[in-house]
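Every number for a ligand or one of its atoms is a count from 1 in the order of the listing. In this text the structure is predicted, and so the values were computed from the model without any measurement. What's counted below: heavy atoms across the whole structure, side chains too, no hydrogens, waters or symmetry copies.
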Amino acid sequence: MEELRVNEYNLKDIYTIEAGNFVTAGEASSNIKTLLKRLGVNSSKLRNIAIASYEAEINLVIHSKGGQMELLVSPNEVIIKIDDIGPGIENIELAMKEGYSTAPDSIRVMGFGAGMGLSNMRNNADDFKIESKLGEGTHICMKFNI
Ligand SMILES: Nc1ncnc2c1ncn2[C@@H]1O[C@H](COP(=O)(O)OP(=O)(O)O)[C@@H](O)[C@H]1O
Ligand SMILES: [Mg+2]
């Protein structure tokens, strides 16, 4: 197959994330990684994007009622927008703290709930924005310079 080049394509993709589904959990971020690798994104940036998108996806599976991840690729940046339909985050500053997690034991025994997801997203993205409304949902936008 012909090599795809980031600077020749503008690309948009949407992935639906199902709450509580640990069988499909991680598929969206895995697909994003495969796609961006094919587009020629370098391995260090690819790692940043893979970590951040995986954490975002897992948060939707664990903490939300479901939602979607949108991937936008332009010549200079990758944008990942995450929108879910609740329950929202009451205190974002607290939720962002490393080690803070409301995940119950049933989730922790599966290896999730270390409380590092949001800080990992912020640290791996070149730009990170989060908005949340209790009872409504959470919106995250991450930008990566490529
Ligand atoms: N999409 C979301 N919807 C509701 N709450 C969330 C969402 N993402 C994160 N949170 C809250 O923020 C906390 C910290 O998230 P994170 O840093 O990813 O740690 P973890 O997922 O391991 O608990 C979560 O425990 C949860 O209370
Ligand atoms: Mg998390």
Side-chain angles (χ1 to χ4, degrees), residues 4 6 9-146:
L4 299 177
V6 166
Y9 288 84
N10 274 11
L11 184 149
K12 183 175 161 165
D13 220 347
I14 291 185
Y15 305 83
T16 300
I17 317 295
E18 208 183 314
N21 189 338
F22 291 93
V23 175
T24 54
E27 273 182 9
S29 44
S30 171
N31 287 340
I32 287 173
K33 186 181 179 184
T34 304
L35 180 59
L36 294 178
K37 190 174 184 176
R38 266 181 66 209
L39 289 170
V41 175
N42 80 62
S43 59
S44 145
K45 192 55 74 174
L46 199 59
R47 191 179 139 79
N48 295 137
I49 297 169
I51 292 170
S53 61
Y54 178 77
E55 292 289 2
E57 181 176 6
I58 293 298
N59 276 359
L60 258 58
V61 175
I62 292 178
H63 305 295
S64 90
K65 296 177 182 167
Q68 64 176 43
M69 284 175 59
E70 186 177 1
L71 171 72
L72 298 150
V73 184
S74 68
N76 300 317
E77 62 187 13
V78 168
I79 295 175
I80 298 179
K81 290 182 185 173
I82 304 108
D83 299 292
D84 70 46
I85 53 165
I89 301 172
E90 188 169 8
N91 183 337
I92 290 180
E93 205 185 315
L94 182 62
M96 292 293 307
K97 286 216 170 98
E98 294 183 3
Y100 176 84
S101 176
T102 59
D105 286 345
S106 58
I107 293 294
R108 288 173 196 260
V109 294
M110 291 191 280
F112 304 110
M116 298 299 291
L118 290 172
S119 50
N120 269 338
M121 286 181 230
R122 185 179 52 193
N123 294 338
N124 280 282
D126 293 302
D127 187 34
F128 173 87
K129 287 195 174 65
I130 179 166
E131 275 175 23
S132 190
K133 207 161 179 198
L134 204 58
E136 288 186 18
T138 302
H139 308 287
I140 291 173
C141 184
M142 301 188 283
K143 275 187 199 171
F144 304 86
N145 304 323
I146 55 170

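Around CD of Glu77, the count of heavy atoms belonging to other residues, nucleotides or ligands within 6.0 Å exceeds 12. Within 6.0 Å of CD on Glu70 lie more than 12 heavy atoms contributed by other residues, nucleotides or ligands. Within 6.0 Å of NZ in Lys33 there are 12 or fewer heavy atoms belonging to other residues, nucleotides or ligands.
Counting only heavy atoms of the protein, atom 9 (C) of ligand 1 lies nearest to Asn59 ND2, 3.6 Å. For atom 25 (O) of ligand 1, the closest non-hydrogen atom on the protein side is Thr102 N, 2.7 Å. With hydrogens left out, the protein atom closest to atom 22 (O) of ligand 1 is Gly115 N, 2.8 Å, a heavy atom. Nearest non-hydrogen protein atom to atom 10 (N) of ligand 1 is Ile89 CD1, 3.7 Å. Of the protein's non-hydrogen atoms, the one nearest atom 12 (O) of ligand 1 is Ala95 CB, 3.4 Å. Ranking protein heavy atoms by distance to atom 1 (N) of ligand 1, first place goes to Asp84 OD2, 2.8 Å. For atom 21 (O) of ligand 1, the closest non-hydrogen atom of the protein is His63 NE2, 2.8 Å.
Distance alone, capped at 3.5 Å, is enough to place a donor-acceptor pair between the Ser132 side chain and the Gly137 backbone. For the pair Glu57 (side chain) and Ser29 (backbone), a donor-acceptor distance under 3.5 Å is present. Between the Asp13 side chain and the Leu71 main chain, no donor and acceptor come within less than 3.5 Å of each other. Of the possible donor and acceptor atoms, none in the side chain of Asn124 sits under 3.5 Å from a partner among the backbone N and O of Ile51. Proximity of a side-chain donor or acceptor of Arg108 to a complementary backbone N or O of Gly113 within less than 3.5 Å is detected.
For the pair Pro87 and Ser64, the tightest heavy-atom approach, listed with the atom from each and the gap, is CD-CA, 3.9 Å. Of all heavy-atom pairs between Ile80 and Ser53, the closest is CD1-CB, 3.9 Å. For the residue pair Ile17 and Ala28, the shortest heavy atom distance occurs at CD1-CB, 3.7 Å. The shortest heavy-atom contact between Val41 and Leu46 is CG1-N, 4.0 Å.
Between Gly117 and ligand 1, a contact under 3.5 Å exists for at least one N or O pair.
Between Gly88 and ligand 1 there is a heavy-atom distance shorter than 4.0 Å. Put simply, part of Tyr100 is less than 4.0 Å from ligand 1, judged by heavy atoms.
Close approach of ligand 1 to Ser101 (heavy-atom distance below 4.0 Å) involves ligand atoms 20 (P), 22 (O), 23 (O), 25 (O). Near Met116, meaning under 4.0 Å from any of its heavy atoms, are these atoms of ligand 1: 17 (O), 19 (O).
Of the heavy atoms in Ala114, only backbone atoms (N, CA, C, O) come closer than 4.0 Å to ligand 1.
Salt-bridge annotation for Asp127 and Lys129: present, with a side-chain N of the basic residue lying under 4.0 Å from a carboxylate O of the acidic one.
In the candidate list Ile92, Leu118, Val61, Leu118 is nearest to atom 15 (O) of ligand 1, counting heavy atoms.
Screening the protein for N, O or S atoms under 2.8 Å from the Mg ion (ligand 2) yields 1; no waters enter the count.
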